[in-house]
Amino acid sequence: MSFSQNVPPRQGGVFVAVPSTVEIPTGVAGDKLATFLSDLALHTGLTRQAQRGHFINRHSKCLRKLLGSRYAKTIRLGLELGAIEVNPRYSTGTAYNPAFPMSYRLTAKHRHGRSKLHLVQSVHARRRVSVLHEPDPYNLGFAGSHYRGCFDRFWLSADAANDKSLSSQWDQWTIARWLNRQEFAKRCDFRRYHSLATQLPRKARKFLRTTEGEPLAIVDVSACQPLLLGVLATTQPPPPARGEPGRVLLPYGAHFSRLIAPRDVQHWLELCESRELYRYLWEAIQQIAGPVLHELQLESGRTIRLDMKLVRYENFKRSCLIPLFASVKDTLASPVFRVIQKDFPTISDYVIKTKSGRHQELACLCQRLEGELMIDSVGTRLAVRHSTEPVQPIHDAVIVEKRFAPKSIEIIKEKFGKVGLNPSVKVESV
């Protein structure tokens with residue numbers, strides 16, 4: 001049976017996508033359960049990189065908003081049907097640990113990604129379904145709201161559901177929601193924009209078009225994370241408190257002067273802007289005498305031991321970025337980072353200093369700066385002066401119609417130029 005048979009085209013009425021293997025009861029109870037399962041399915045699809053067993057935290061306030069005051073009955077029904085599992089652990093918070101609510105997940109047999117549509121018939125449940133995908137203007141901001149509105153200009157061919165290279169549960173979750181038009185848009189605490197476009201696998205982009213049928217291109221900032229790291233290492237902002245996720249790193253009009261940057265940072269930025277950073281680090285590894293061994297943990301959790309000198313240049317980028325954002329222990333053990341310590345001491349000192357309290361802090365700072373540039377800055381320009389152009393952001397890139405790619409490059413370079421950067425921006429056909 002083809003995957004597309006599990007995601008039939010949307011008809012009139014209010015529908016939610018649920019795992020195809022769950023038998024939903026009729027009536028109000030079934031409608032509420034379907035709404036809850038759809039919410040879990042959406043967030044399960046966002047846990048691809050997580051090692052938390054796909055448990056989704058859901059506060060009682062959220063459950064009441066989604067299911068009503070008697071939400072416990074819906075959860076019991078899900079447990080009785082074997083559709084969900086509950087992790088009863090929760091915390092009201094301490095001085096050293098944040099609070100977290102109870103969490104829920106789909107059972108293993110229903111975490112396969114294949115979906116079917118459930119028609120929501122009860123009046124109260126239909127009202128609450130809108131909660132699942134209702135955009136939050138306060139969270140998205142002006143530019144994020146513009147990007148969310150542009151989603152309606154894009155469509156994904158149903159052929160994506162039958163592509164054998166996209167048969168994993170993660171890919172199928174995302175494809176099903178595209179075909180059911182169940183978009184979500186949210187900016188995380190670190191100001192990154194998350195949506196169906198950011199979740200769409202790279203291999204599935206060939207099935208993407210605008211509603212006018214126009215071919216698309218992805219406009220991508222090369223070496224964006226290392227480039228932003230160079231800015232942070234020079235401006236040296238203190239890591240913001242975890243309770244201040246909205247603090248702006250570079251207020252509008254701020255400029256970054258190469259004249260005050262240390263010589264090694266200037267060299268780092270020049271390599272990033274010329275797309276030569278990874279080549280530089282790869283060649284430095286090749287010059288080390290003897291094997292250059294390094295342990296690398298895969299997404300599956302398995303650890304492998306690599307000779308970095310044997311890693312092909314095409315696969316080297318990932319080997320460079322992982323140690324920069326891993327734990328301090330893993331960073332210091334990386335042969336690539338030892339090269340950075342030797343040739344770019346200002347960068348390496350900033351990396352270790354920033355990660356000393358919480359190693360995720362460095363990645364969060366880079367993501368926040370990326371969000372300020374690609375969403376708030378570039379997105380605002382697009383919304384104000386090019387509001388009729390369909391565009392979707394993918395972190396350090398944007399998907400646009402091919403004819404608009406040159407203008408997109410111009411806007412990105414202008415906005416990065418505001419902080420003294422001249423990034424290399426590449427264009428690839430989708």
Side-chain angles (χ1 to χ4, degrees), residues 46 49-50 98 136-148 184-195 197-199 220-256 261 265 268-269 272 321-328 331 346-347 349-383 392-398 411-421 423 425:
L46 306 182
Q49 305 297 334
D136 181 353
Y138 179 79
N139 168 264
L140 294 175
F142 177 72
S145 296
H146 172 68
Y147 283 137
R148 171 62 182 85
F184 76 98
K186 180 179 181 181
R187 295 187 71 177
C188 65
D189 288 344
F190 310 109
R191 308 312 293 149
R192 264 193 165 185
Y193 183 92
H194 300 273
S195 68
T198 64
Q199 293 298 310
D220 182 21
V221 178
S222 298
C224 187
Q225 294 290 305
L227 191 64
L228 299 180
L229 175 58
V231 175
L232 293 170
T234 302
T235 57
Q236 293 279 338
R242 296 181 70 177
E244 302 177 22
R247 189 174 74 83
V248 175
L249 296 178
L250 292 172
Y252 180 77
H255 287 264
F256 170 74
V265 176
W268 174 275
L269 292 172
C272 291
L321 294 180
I322 287 177
L324 284 178
F325 302 110
S327 67
V328 173
T331 296
T346 305
I347 298 290
D349 289 348
Y350 179 76
V351 168
I352 298 303
K353 175 183 176 182
T354 305
K355 297 201 298 185
S356 59
R358 189 175 73 103
H359 81 266
Q360 298 94 332
E361 198 67 55
L362 182 64
C364 294
L365 284 168
C366 287
Q367 289 176 12
R368 189 172 303 167
L369 183 52
E370 175 195 273
E372 290 178 21
L373 287 168
M374 292 300 296
I375 306 301
D376 296 312
S377 190
V378 172
T380 297
R381 169 60 63 83
L382 291 169
Q392 287 292 280
I394 306 179
H395 305 317
D396 59 2
V398 289
I411 293 171
I412 290 172
K413 281 183 168 288
E414 176 192 341
K415 294 303 181 181
F416 274 68
K418 286 284 187 180
V419 293
L421 299 175
V425 184

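The model shown is predicted, which means the values in this text are computed figures rather than measured ones. Just so you know, residue 1 is the first one in the sequence shown, and it goes up from there.
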Give the minimum heavy-atom separation between [X] and [Y], together with the two atoms involved.
X	Y	value
Ala143	Asp376	CB-CA, 4.2 Å
Ser327	Lys355	O-NZ, 4.0 Å
Tyr193	Tyr147	OH-C, 3.6 Å
Gly230	Ile347	CA-CD1, 3.9 Å
Glu361	Thr354	CB-O, 3.7 Å
Leu269	Leu227	CD2-O, 3.6 Å

What do you reckon, is NZ of Lys413 surrounded by more than 12 foreign heavy atoms closer than 6.0 Å?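 Yes, because the 6.0 Å sphere around NZ of Lys413 holds more than 12 heavy atoms from other groups.
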
Go through it in stages, so that I can follow the logic: the residues are Lys418 and Ser377, the test is side chain to side chain donor-acceptor pair (under 3.5 Å), and I'd like the CA-CA distance, side-chain angles, deciding distance and then a yes or no. CA-CA 10 Å; Lys418 286 284 187 180; Ser377 190; over 6 Å; no

Can you tell me how far apart [atom1] ([X]) and [atom2] ([Y]) are? Round to the nearest 0.5 Å.
X	Y	atom1	atom2	answer
Ile412	Leu382	CD1	CG	8.0 Å
Asp396	Leu228	CG	CG	8.5 Å
Phe184	Thr198	CZ	OG1	5.5 Å
Leu232	Gln225	CG	CD	9.5 Å
Leu140	Asp136	CG	CG	6.5 Å

Do [X] and [Y] touch side chain to side chain, with heavy atoms closer than 4.5 Å?
X	Y	result
Tyr350	Thr234	no
Phe416	Met374	yes
Glu370	Ile375	no

Residues forming a ring-ring contact (aromatic ring centres under 6.0 Å, His included) with His395, sequence neighbours excluded: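 Residues passing ring-ring contact (aromatic ring centres under 6.0 Å, His included) with His395: His194.
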
Okay, side chain of Asp220, backbone of Ala397: is any donor-acceptor separation there less than 3.5 Å?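 No, Asp220 side chain to Ala397 backbone: no donor-acceptor pair under 3.5 Å.
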
Quick one: list whatever passes side-chain hydrogen bond (donor to acceptor under 3.5 Å, both in side chains) with Gln360, sequence neighbours left out.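 Partners of Gln360 under the side-chain hydrogen bond (donor to acceptor under 3.5 Å, both in side chains) test: none.
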
